[in-house]
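Structure first, commentary second.
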Protein chains: 2
Amino acid sequence: MKENQINFSEVDNCPVRNILDRFGDKWSTLVILILGSYDTLRFNELQKMIGTVSQKMLAVTLKKLETDGLVSRKVYPQVPPKVEYSLTALGLSLLPKLESLVQWANENRTIITENRSLKG
Amino acid sequence: MKENQINFSEVDNCPVRNILDRFGDKWSTLVILILGSYDTLRFNELQKMIGTVSQKMLAVTLKKLETDGLVSRKVYPQVPPKVEYSLTALGLSLLPKLESLVQWANENRTIITENRSLKG
DNA sequence: CAGAATCCTGAAGGATACTG
DNA sequence: CAGTATCCTTCAGGATTCTG
């Protein structure tokens with residue numbers, strides 16, 4: 001084994017997995033990336049921007065992210081209600097890591113697509 | 001909108017999503033991280049290391065990663081068969097991005113766990 | 001040993017309707 | 001507008017069995 005900072009012992013109930021699984025869902029990563037670009041967005045703005053999220057899943061996703069402390073939720077007590085979402089400091093600290101992943105995907109999507117079509 | 005290298009147009013059928021979804025599954029990321037640490041591993045070694053993957057899912061995961069060109073598969077024609085898996089150059093280029101995510105998760109898992117217990 | 005094939009379950013996620 | 005509440009469908013993934 002090469003020297004490595006990663007500990008794979010108890011790899012299954014790994015605490016790191018509990019964190020990373022949160023971004024393994026369908027929408028969390030996308031929401032973070034978009035909030036990272038637009039600073040502050042309302043619920044409907046987010047939904048329109050993503051285009052295909054159901055209201056339910058956007059609500060669930062935002063609630064999870066808020067619970068983890070990655071996204072903050074600001075409610076304006078008015079009628080009709082206005083709620084603004086943005087990244088917290090914690091969310092902002094994650095942002096560059098995700099952007100780095102996206103960048104990698106962009107740089108390599110052509111080769112990967114070719115690989116896929118080659119092997120069926 | 002801040003200046004940003006990420007294009008969210010057609011965010012749903014986004015080609016980047018087609019790539020990233022590959023790592024959103026349960027085992028791909030873990031396999032890549034482990035192969036990144038151990039260079040070369042046989043099927044059973046990988047399975048024992050992860051501990052809780054079913055044979056089926058490890059096989060499926062490895063086949064996907066091989067199809068994408070992230071993992072290479074070397075077969076030794078002998079009985080009983082011996083198959084070794086390792087990262088390709090492409091897989092190695094992804095490795096640091098994933099390790100960076102793991103590092104972030106490690107650094108912030110305490111605070112996130114606290115946030116979760118606070119908000120229930 | 002390294003898998004392929006089959007069956008089965010739970011949970012993620014969508015559609016729709018309703019509400020403060 | 002910003003959700004919640006239900007119902008329903010799909011499919012990722014586990015358990016098991018079989019094979020070259």
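Each chain gets a letter, A, B and so on, in the order its sequence line appears, and its residues count up from 1. The structure displayed is predicted, hence computed values, not measured ones.
Side chain of Ser100(B) to main chain of Pro96(B): no donor-acceptor pair is present (N/O by atom type, distance under 3.5 Å, no hydrogens or angles). Between the side chain of Asp21(A) and the main chain of Gly24(A), no donor-acceptor pair closer than 3.5 Å is present. Remark: the backbone N or O of Asp25(A) is not paired with any side-chain donor or acceptor of Ser28(A) at under 3.5 angstrom. Using modelled atom types, no side-chain atom of Gln47(A) and backbone atom of Leu58(A) make a donor-acceptor pair closer than 3.5 Å.
Side-chain N/O atoms of Arg42(A) include one lying less than 4.0 angstrom from OP1 or OP2 on dA2(D). Listed pair Tyr85(A) / dG3(D) meets the phosphate criterion, a side-chain N or O lying under 4.0 Å from OP1 or OP2. Residue Lys63(A) places no side-chain N or O under 4.0 Å from the OP1 or OP2 atom of dG3(D).
The existence of a salt bridge linking Lys97(B) and Glu99(B) is excluded, since no basic side-chain nitrogen approaches an acidic carboxylate oxygen closer than 4.0 Å.
Rounded to whole Å, the distance from CG on Asp25(A) to C1' on dT10(D) is 17 Å. Atom CZ of Phe43(A) and atom C1' of dT19(C) are 14 Å apart (whole Å). Note: CG (Leu30(B)) to P (dA12(D)) measures 19 Å, nearest angstrom. The interatomic distance linking Leu46(B) (CG) with dC1(C) (C1') rounds to 14 Å, in whole Å. Taking atom NZ of residue Lys26(B) and atom P of nucleotide dG10(C), one finds them 14 Å apart after rounding to whole Å. Distance CG (Asp21(A)) to P (dA12(D)): 16 Å, rounded to an integer number of Å. Rounded to whole Å, the distance from CG on Leu58(A) to C1' on dC1(D) is 13 Å. Rounded to whole Å, the distance from CD on Gln47(B) to C1' on dG13(D) is 14 Å.
Nearest-nucleotide mapping onto DNA chain D: of Lys56(A) and Leu62(A), the residue sitting toward the 5' end is Leu62(A). Summary of the strand contacts: Asn44(B) and Met57(A) both lie near DNA chain C, and taking for each the nucleotide with the nearest heavy atom, the more 5' one is attributed to Asn44(B).
Across residues 71-83 of chain A, Arg73(A), Pro80(A), Pro81(A), Lys82(A), Val83(A) each have a non-hydrogen atom less than 4.0 Å from an atom of DNA chain D (numbered order).
Here the straight-line distance linking atom CZ of Arg116(A) with atom CD1 of Ile111(A) works out to 12.0 Å at 0.5 Å rounding.
Cation-pi contact between Arg22(A) and Trp104(B): absent, since separation from the ring centre below 6.0 Å together with deviation from the ring axis within 45° is not met.
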